[in-house]
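Numbers here simply count residues along the sequence, with the first being 1. Everything quoted here is computed from the prediction, not taken from an experiment.
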Amino acid sequence: MVETECRTEVELRRDLVRFGRMLHRLGFMPGTSGNLSVRLDDHRLLVTPTGVSKFLLRSADMVLIDPHGRPLNGHRKVTSEVSMHLAVYRQRGDVKAIVHSHPPIATAFACAGRGLEEMLCQEAVMTLGVVPLANYATTGTEEVAASLAPFIPDHDAILMANHGAVSYGSTLLQAFQKMEVVEHLAQIALAAHQLGDPRVLKHEQVKQLRDAKTRYLQNAT
Ligand SMILES: [Zn+2]
């Protein structure tokens, strides 16, 4: 998978189908839940339609909208949760793709009023850091965008109270992988607490890991 900006609209439609299927198979998008989007350019977004299983979704089903959520073409209605996507694109010029899903363990944390804030394993520090919990908001309303807004600038994944999670990146692959990691970290946190007496990483250990991450990112670029 190459960077989003190098991919044509046809390829991005196929990517939305492919990652939708993968998320469905993982159990993150049961029924018709969840949605995905990509930014084609400054004026156009491609978003999954409302009420369609991500297992059955086809390239032609995607809805083209402007940055205000108005449809530009497509025979289907855009996802009812589009305002969440618009809020992220508005605040983050670097974001080109978004995944919203209901991964079961991460969603259970969101239903228990808990973000993924403890640095229990090294991977948590090296990947997403803290995954905060946004306040409760009724799905499909502007409340959702407002609840996410404080966290969007400094986080690439956010839990949504009594609802699910949203993740984003410069490609759909990145957004997908972050959603995978959110669920993975939630499973580890749950198991560590079930085992009892979880050992949270010490401040100095977290600092060393952050330094290592910075060095790794510098080498990678
Ligand atoms: Zn949802």
Side-chain angles (χ1 to χ4, degrees), residues 1-16 18-20 22-23 28 34-48 62-70 72 78-79 81-101 103 106 115-117 123-134 142 144-160 164-185 209-221:
M1 165 91 42
V2 293
E3 292 299 299
T4 297
E5 49 268 32
C6 303
R7 297 181 78 72
T8 65
E9 181 179 332
V10 170
E11 290 169 325
L12 286 168
R13 283 175 182 266
R14 285 193 201 127
D15 288 347
L16 288 166
R18 182 182 312 146
F19 285 105
M22 288 164 73
L23 288 153
F28 291 10
N35 32 74
L36 306 92
S37 71
V38 292
R39 194 198 310 252
L40 290 180
D41 53 42
D42 290 346
H43 311 289
R44 299 176 308 153
L45 308 172
L46 206 49
V47 188
T48 51
M62 306 308 165
V63 185
L64 202 57
I65 60 169
D66 72 11
H68 303 288
R70 293 180 292 236
L72 297 170
V78 70
T79 169
E81 294 181 308
V82 70
S83 66
M84 171 198 322
H85 295 248
L86 301 180
V88 176
Y89 287 125
R90 259 198 309 272
Q91 287 198 59
R92 291 280 298 269
D94 59 313
V95 168
K96 300 284 195 295
I98 300 173
V99 168
H100 163 61
S101 74
L116 298 169
E117 277 149 19
E123 189 196 356
V125 183
M126 298 298 278
T127 55
L128 293 172
V130 167
V131 181
L133 174 69
E142 280 301 321
V144 176
S147 72
L148 294 170
F151 303 108
I152 292 171
D154 299 323
H155 299 276
D156 289 346
I158 305 168
L159 296 190
M160 304 161 71
V166 61
S167 61
Y168 32 91
S170 58
T171 64
L172 207 43
L173 176 62
Q174 275 189 15
F176 167 78
Q177 287 176 330
K178 286 171 188 172
M179 188 60 74
E180 267 192 312
V181 171
V182 166
E183 180 66 353
H184 181 63
L185 297 179
L209 287 165
R210 284 193 181 133
D211 291 346
K213 182 181 177 182
T214 304
R215 282 197 303 277
Y216 171 78
L217 290 173
Q218 281 167 351
N219 290 339
T221 51

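Side-chain atoms of Phe19 and Leu36, non-hydrogen and from C-beta on, do get closer than 4.5 Å to each other. Contact annotation: the side chain of Met62 approaches that of Thr48 to within less than 4.5 Å [non-hydrogen atoms, C-beta and beyond]. With a 4.5 Å cut-off on side-chain heavy atoms, Leu217 and Thr214 do not count as touching. Residues Leu86 and Ile65 form a side-chain contact, since some pair of their non-hydrogen atoms from C-beta on lies under 4.5 Å apart. Put simply, the side chain of Val131 does not reach to within 4.5 Å of the side chain of His155, judged on heavy atoms. Contact annotation: the side chain of Tyr168 approaches that of Ile158 to within less than 4.5 Å [non-hydrogen atoms, C-beta and beyond]. In this structure, Met160 and Ser147 have side chains that are not in contact, with every pair of non-hydrogen atoms separated by 4.5 Å or more. Using a 4.5 Å heavy-atom threshold, the side chains of Lys213 and Val125 count as separate.
Remark: Gln174 CD to Ile98 CD1 distance equals 13.0 Å, nearest 0.5 Å. For the atom pair Met179 CE and Phe28 CZ, the distance stands at 8.0 Å (nearest 0.5 Å). A distance of 8.5 Å separates CD of Gln177 from CE of Met22, quoted to the nearest 0.5 Å. Once rounded to the nearest 0.5 Å, the distance linking CD of Glu180 with CG of Leu173 reads 9.0 Å. Atoms CZ and CG, from Arg14 and Leu16 in turn, are 12.0 Å apart once rounded to the nearest 0.5 Å.
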**Report entry** Residue pair Asp156, Arg92: steps toward the side-chain contact (heavy atoms from CB on, under 4.5 Å) verdict
**Finding:** CA-CA 10 Å; Asp156 289 346; Arg92 291 280 298 269; 2.8 Å; yes
Report task. Could you give me the CA-CA distance, side-chain angles and deciding distance for Glu81 and Val144, then say whether side-chain contact (heavy atoms from CB on, under 4.5 Å) is met? Result -> CA-CA 8 Å; Glu81 294 181 308; Val144 176; over 6 Å; no
**Report entry** Pair Leu40-Leu64, side-chain contact (heavy atoms from CB on, under 4.5 Å): steps then yes or no
**Finding:** CA-CA 9 Å; Leu40 290 180; Leu64 202 57; 3.4 Å; yes
Report task. Take Thr171 and Asp15, measure what side-chain contact (heavy atoms from CB on, under 4.5 Å) needs, and give me the verdict at the end. Result -> CA-CA 10 Å; Thr171 64; Asp15 288 347; over 6 Å; no
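Between the side chain of His43 and the backbone N or O of Pro67 there is no donor-acceptor pair closer than 3.5 Å.
Here the closest non-hydrogen pair linking Leu172 and Ser37 is CD1-O, 4.0 Å. Here the shortest heavy-atom pairing between Gly115 and Leu159 reads CA-CD1, 4.0 Å. A pairwise comparison of heavy atoms in Arg39 and Leu45 identifies CG-CD2, 3.5 Å as the closest pair. Shown here for Lys178 and Gly169, the closest heavy-atom pair between the two residues is NZ-CA, 4.0 Å. Considering every non-hydrogen atom in both Pro150 and Pro153, the closest pair reads O-CD, 3.9 Å. Closest approach of Ser167 to Ala175, counting heavy atoms only: OG-O, 2.8 Å.
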